[in-house]
Amino acid sequence: MNHDLVKMLSAKLDSLTFSDYYGLQSPGLTCYLNSVLQVLYMTQDFREAVERFEQCRSEDSTTIDQHLARLFADLQKSKARTHDVTAKLGITNVYEQRDAAEYFEKILSLSNPEASKIFRGELNHKTTCLRCKQRSESRTFFWILPLAMGDSWCQTYSVEKGLKAFFKREKVCRDNKIYCELCNKKRDTEFACEMTQSPEVLTLLLKRFRFDYKHECYVKLHCDVDVPQTLHMEGCKYNLYALVHHFGSLTGGHYTAQIKSYDTQEWYHFNDDIVKRVSPPLFSAGAKHLRSFTAYLLMYRKAIHFF
């Protein structure tokens, strides 16, 4: 066969939009919901936990699992409708711009404990009086770790440095002193935070939206972000498997997702009802970071425990 003809046919096949997965049909402009629903569907252990719960749930269950299970079952065969999930979440204005991170947490809060614990971690917040050394601790759980991006208008933001800043010890003094019960007086205080329970899936939120005091309104940071393929933290190794992107402004944006399949190990781009394989590969050969000015939510799956 003619070599040039084979090359041409191969190029045409590569350009076709074949996909192993299906998109979501929404009642309105709910891309913020579609992106996180696709992440949850592509998180195999979450999907299986929802399916198991649905098989043995009681009739009076108030969880969102029955709606998710039906949606996930539909997605295995064809494009699926999100109308039932939208209604369960109380979304009445389907044309209003909303936050993907908010609805990611809302879905997890309404899911059964076995499913939601996959994303659940625990933090221990420690406060130490620098005069008497009295220390108090409080533990809280999280589904998302928010990383402040500061004033990263022009410079490239590092996720790894942002994580280090999140867990960095901080000292408050002068006008910000904290009242110490033992001293019965406001004292210089040190704050520290540690992860006491690492989740199976670590979700990071890049805080691209910040309040601009000069213009008295919220603005979006469009700076580039270096997203690492692998994270090492708190005795664990995590591998990136999903990104939720935000394009546009605070009031007129659009969400999409890029997710790595557990089954095929390929990356796919989810844009509402359109799903395509990512080509060229998301990470080029030997690359350890992905640079993006739209990355908003990052999901990392735990790979290895270090003891």
Side-chain angles (χ1 to χ4, degrees), residues 3-24 31-32 34-47 75-76 79 100 104 118-119 147 149 156-163 200-206 208 222-233 236-248 253-304:
H3 178 73
D4 291 334
L5 179 60
V6 171
K7 192 174 180 180
M8 183 183 70
L9 290 172
S10 178
K12 284 189 175 182
L13 284 172
D14 288 340
S15 68
L16 294 177
T17 57
F18 290 126
S19 177
D20 301 295
Y21 299 99
Y22 299 100
L24 292 172
C31 54
Y32 59 90
N34 294 343
S35 60
V36 297
L37 284 172
Q38 291 285 23
V39 169
L40 293 172
Y41 172 75
M42 297 289 284
T43 305
Q44 186 177 15
D45 40 357
F46 179 87
R47 184 171 76 238
L75 268 178
Q76 293 183 36
K79 291 181 182 180
F104 179 71
I118 294 163
F119 296 89
L147 302 186
M149 299 180 69
T156 301
Y157 178 82
S158 166
V159 169
E160 290 158 313
K161 289 181 179 178
L163 265 174
E200 284 302 309
V201 174
L202 174 67
T203 303
L204 306 178
L205 166 65
L206 302 177
R208 288 190 176 274
H222 292 275
C223 62
D224 281 328
V225 173
D226 277 343
V227 179
Q229 189 171 14
T230 301
L231 283 176
H232 295 88
M233 59 177 299
C236 297
K237 175 184 175 182
Y238 283 92
N239 292 325
L240 182 73
Y241 83 97
L243 303 96
V244 173
H245 294 272
H246 183 270
F247 298 85
H254 180 62
Y255 289 95
T256 67
Q258 290 176 313
I259 311 169
K260 186 177 183 180
S261 167
Y262 178 85
D263 297 314
T264 69
Q265 296 300 300
E266 298 265 3
W267 282 88
Y268 296 82
H269 183 240
F270 295 82
N271 184 6
D272 290 334
D273 62 340
I274 300 172
V275 183
K276 298 180 180 179
R277 288 190 188 183
V278 175
S279 181
L282 201 61
F283 290 89
S284 57
K288 295 182 179 180
H289 293 80
L290 166 72
R291 182 160 291 183
S292 170
F293 69 93
T294 56
Y296 183 58
L297 284 171
L298 312 175
M299 284 78 172
Y300 287 85
R301 177 170 289 284
K302 187 184 290 183
I304 300 173

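The two atoms that bring L147 and G162 nearest to each other are CD2-O, 3.9 Å, heavy atoms only.
Using a 4.5 Å cut-off on side-chain heavy atoms (C-beta onward), Y22 and L75 make contact. Under the 4.5 Å side-chain criterion, counting only non-hydrogen atoms from C-beta, F46 is not in contact with V201. F104 is listed as a side-chain neighbour of L40, based on a closest heavy-atom distance under 4.5 Å. Taking 4.5 Å as the limit, every side-chain heavy atom of N34 sits out of range of all side-chain heavy atoms of Y255. M149 places a side-chain heavy atom less than 4.5 Å from the side chain of V225. Looking at N239 and R301, their side chains never come closer than 4.5 Å, going by heavy atoms from C-beta outward. No side-chain heavy atom of I259 sits less than 4.5 Å from a side-chain heavy atom of M299. Side-chain contact between L231 and E160 is present, with heavy atoms from C-beta onward closer than 4.5 Å.
In this view, Y238 satisfies the ring-ring contact (aromatic ring centres under 6.0 Å, His included) rule with no residue, not counting sequence neighbours. Every residue two or more places apart in sequence or in another chain was checked for a salt bridge (charged side-chain N to carboxylate O under 4.0 Å, His left out) with R47, and none qualifies. F270 pairs by the ring-ring contact (aromatic ring centres under 6.0 Å, His included) definition with nothing, not counting sequence neighbours. Remark: D273 engages no residue in a side-chain hydrogen bond (donor to acceptor under 3.5 Å, both in side chains) (not counting sequence neighbours). In this view, H245 and Q258, T294 satisfy the side-chain hydrogen bond (donor to acceptor under 3.5 Å, both in side chains) rule, not counting sequence neighbours. With sequence neighbours excluded, the residues satisfying ring-ring contact (aromatic ring centres under 6.0 Å, His included) with Y41 are F72. S261 pairs by the side-chain hydrogen bond (donor to acceptor under 3.5 Å, both in side chains) definition with Y21, T264, not counting sequence neighbours. For K161, there are no salt bridge (charged side-chain N to carboxylate O under 4.0 Å, His left out) partners two or more places apart in sequence or in a different chain. Applying the side-chain hydrogen bond (donor to acceptor under 3.5 Å, both in side chains) rule to R208 yields no partners; only residues at least two apart in sequence or on another chain are considered.
Annotation: the span from L290 atom CG to S284 atom OG amounts to 9.5 Å, rounded to 0.5 Å. Atoms OG1 and CD, from T256 and Q38 in turn, are 11.0 Å apart once rounded to the nearest 0.5 Å. Note: L163 CG to L204 CG = 5.0 Å, rounded to the nearest 0.5 Å.
The salt bridge (charged side-chain N to carboxylate O under 4.0 Å, His left out) contacts involving residues 282-296 comprise D226-R291, where partners must be two or more places apart or lie in separate chains.
By the 6.0 Å contact criterion, CZ on F247 is enclosed, its count of non-hydrogen atoms from other residues, nucleotides or ligands being greater than 12.
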